[in-house]
Amino acid sequence: MEKGSPMSSIIERHPDHFHLKAGGASYILHVVNGKYLAHAHWGAPLLTWQGANAPRFVDRSFSANPAGSTDRTFSLDALRQEYPGYGRTDFRSPAFEVQLADGSTAVDLHFVSATVVSGKPVLEGLPATYVRDPAEAQTLQIVLSDPLSALTATLTYTAFQNYPVVTRSVRFTNAGRQSLTLRRVLSFSLDLEGEGYRWLQLSGAHVRERQVVERPLTAGTVSVESRRGASSHQQNPFVALLSGRADEDAGEVFGFNLAYSGNFLAQAEVDQFGITRIQAGINPFDFAWKLEPGQSFQTPEAILAYSGNGLGELSRTFHRFYQNQLCRGPQVFQERPILINNWEATYFQFDQKKLEAIVEKAQPLGIELFVLDDGWFGHRDNDKTSLGDWTVDTKKLPAGLEALADTVHAKGMKFGLWFEPEMVSADSDLYRAHPDWCLHVEGRDRSESRNQLVLDLSRPEVCRSIIDSVTKILDGGKIDYVKWDMNRHLTEVGSAGRGADRQRETAHRHILGLYEILEVITTRYPQILFESCSGGGGRFDPGMLYYMPQVWTSDNTDAICRLEIQWGTSLAYPPVTMGAHVSAVPNHQVHRITPLKTRADVALVGTFGYELDPLSFSEAEAREVSQINAWYKAHRAVLQFGDFYRLKSPFEGKGNTAWMTISRDKTRAVLFYYQILAQPNAGQVVLRAKGLDPGRTYRVEGDGVTGSWSGAELMGVGLRLPDLRGDFQSLRLSLYS
Ligand code: DGJ
């Protein structure tokens, strides 16, 4: 190990190990036998590591000793490693796989050098967490190399001063003389000691995203992955390991999230000796990347967070971390406006008069932003046409977009617009002009989904054309908000932009193209609030959050379904990033009828808005909506920027749910309780709050509750809730101190 750099406060270099002290957690790694980068500890904060759990080598039958060693007690098969390979005595899941020019795949990555720098270097071309001031973090870069091929891998670890978070990524460089092929390049690998972990994943489907799924880990492999070309509704690139008895409020929990919006793999393998190897990165399935001499490949970033106090604290770490160190732009810390979106109100059938009537009705109710959704361009009266032709449909909007924006602005409201720039309809001028600009395989017919094809973002000219057509509209300067949608997954993943030997790079190059487009557009218009969307929450991942600080959480706007979707989403992502709207009943997705109050009480927890026709409001409903909006404005600073505590899970018992948000200074809080089905002759609910200041007295108000109690009593004894009559009811309480 190199000697030299002075001991520093966040990352310490000791003669025999590196100690990363990440705000309330320690990450320790060391070099074994002068070559092998090994893992010693991730979790509980330590002042010093003196080797209490240092590896003890014993002869393991059927675990070979690496070439050059005759020590039968030493095998990589039993060593906890930081970035393991395959074919050199470790038989577990490798972090990387490389095919050399001679076709072989047995490759070593031996320790070469290490440096510590202050701050956090930018990940070129990829979204990643960042620091505003170099003092916020330090970065350890460890160079590993294969003596035979001269392939090098630089492992990057950033430890953050104020968060129990370490981020990891890897950069491969072909420093040899022959080309090679990367077949598997995961962003991290971590060998954890300890038994009885439970694996938690967020799985689902379109309109049923991020359901919490948990299972015990036993010998063998568990994984989630996406092969859809997007991070997907089906699996999210967030997983957690809960140790033994850990739950929402207690115990050790390890969270892992990948800042990537394409195909991913997250996996845990429990080996023969009970070590749990957890890994995540670009999905190796259908991936290969040719690296010519001198070329480099950068993996996406993985975010590793630790909590010694359960899942709730882990989530709050992710929430704060993402708000402060991932989301960008002046919008991030501004209160988000109450919006109304015309999608479920009109679908494709609208004209200028109808939209103006919506705006006219919405403004006096306190709504602040009008969003024009799909159908304003080309001749898009249904989803069969016009994606790619981003010029206004003057049949619907004869005076044009800018005139509509002026009408909205004249009302004192902001104006937002929907785009789906990554797609093309076969019936479009763009497709007729450039039939080879979509992902396709020459000579094979093209699969459509929602009647559309995917533009090939792995080609720079296609990206440039998207940037041009979107900027043409945004340059008008009248647009305050953009909803950036993406409504299908990738098939026939091939590109006319490169040769046969690089076709399997297409899916990743496509995502790199997307990131380049988003970088250009979001930095060119810092005044615009961007919301990403992929048929709702099909790309709710840190990669998209880096460019766009909120996401349309789901196309499912039913209040009861949203409890589960928003609960699951909150495991990793802050409520302020979750678009949540009140829609009409019967609900368009599940046909359920729920009270307006309940629909609002669920949506108020995210970035709040409406997705319905306000012209259908009765007078009483209009009054209620005005009151809800006034309440939201008085509480949104707490809701959007406070700390979120989950109290009662929709996935347990009869599904009744509760959560609360507390201002950072603990002087204000908001608490919601939701009853799913009324029960006959039921017991009364006493709900314990969390996160309050025990020494403060809180005045509690709302929905039949008034009184003042100490934080200690509200948390330790609980609050007896009023009885709720009927199905799908809710309580909304404000706490002031
Ligand atoms: C899918 C989105 O999730 C919806 O909100 C809406 O924008 C439609 N696309 C429009 O096509």
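For this chain, numbers begin at 1 and follow the sequence in order. Every number for a ligand or one of its atoms is a count from 1 in the order of the listing.
Per-residue contacts place Trp552 under 4.0 angstrom from the following atoms of ligand 1 (heavy atoms of the residue considered): 3 (O), 5 (O). Within ligand 1, counting atoms from 1 as listed, the ones closer than 4.0 Å to a heavy atom of Cys533 are 2 (C), 3 (O). Every atom of ligand 1 with a heavy atom of Asn487 under 4.0 Å away is listed here by number and element: 1 (C), 9 (N). Residue Asp374 has at least one heavy-atom neighbour below 4.0 Å for each of these atoms of ligand 1: 10 (C), 11 (O).
Close to ligand 1: Lys483, with a non-hydrogen atom less than 4.0 angstrom away. Contact annotation: His581 has no heavy atom less than 4.0 Å from any atom of ligand 1.
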Show your working on side chain to side chain donor-acceptor pair (under 3.5 Å) between Glu301 and Thr129 and close with a plain yes or no.
CA-CA 8 Å; Glu301 173 168 292; Thr129 58; 2.7 Å; yes
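The shortest N or O to N or O distance between Gly536 and ligand 1 is under 3.5 Å. Here's the thing with Trp418: one of its N/O atoms is less than 3.5 angstrom from an N/O atom of ligand 1. Taking any N or O of Asp485, backbone or side chain, at least one lies under 3.5 Å from an N or O belonging to ligand 1.
Side chain to side chain, Gln729 and Gln675 fail the donor-acceptor criterion of an N or O pair below 3.5 Å. With no hydrogens or angles considered, no side-chain donor-acceptor pair links Ser261 and Arg539 at under 3.5 Å. Counting only N and O atoms by type, the side chains of Ser315 and Arg646 include a donor and acceptor under 3.5 Å apart. In this model, no donor atom of one side chain and acceptor atom of the other lie less than 3.5 Å apart for Gln640 and Gln323. Inspection of the Asn283 and Ser226 side chains reveals no N or O donor paired with an N or O acceptor under 3.5 Å. For the 3.5 Å distance criterion, the side chains of Tyr573 and Thr553 fail to qualify, holding no donor opposite an acceptor. No side-chain donor from either of Gln452 and Asn487 sits under 3.5 Å from a side-chain acceptor of the other.
Of the heavy atoms in Glu420, none comes closer than 4.0 Å to ligand 1. By the criterion of a heavy-atom distance under 4.0 Å, neither the backbone nor the side chain of Arg380 is placed next to ligand 1. Residue Asn341 does not touch ligand 1, judged by heavy-atom distances below 4.0 Å.
The single protein non-hydrogen atom nearest to atom 3 (O) of ligand 1 is Asp555 OD1, 2.3 Å, given as residue, atom name and distance. Scanning the protein for heavy atoms near atom 6 (C) of ligand 1, the closest one is Asp373 OD1, 3.3 Å.
A ring-centre distance under 6.0 Å is not found for His635 and Phe608.
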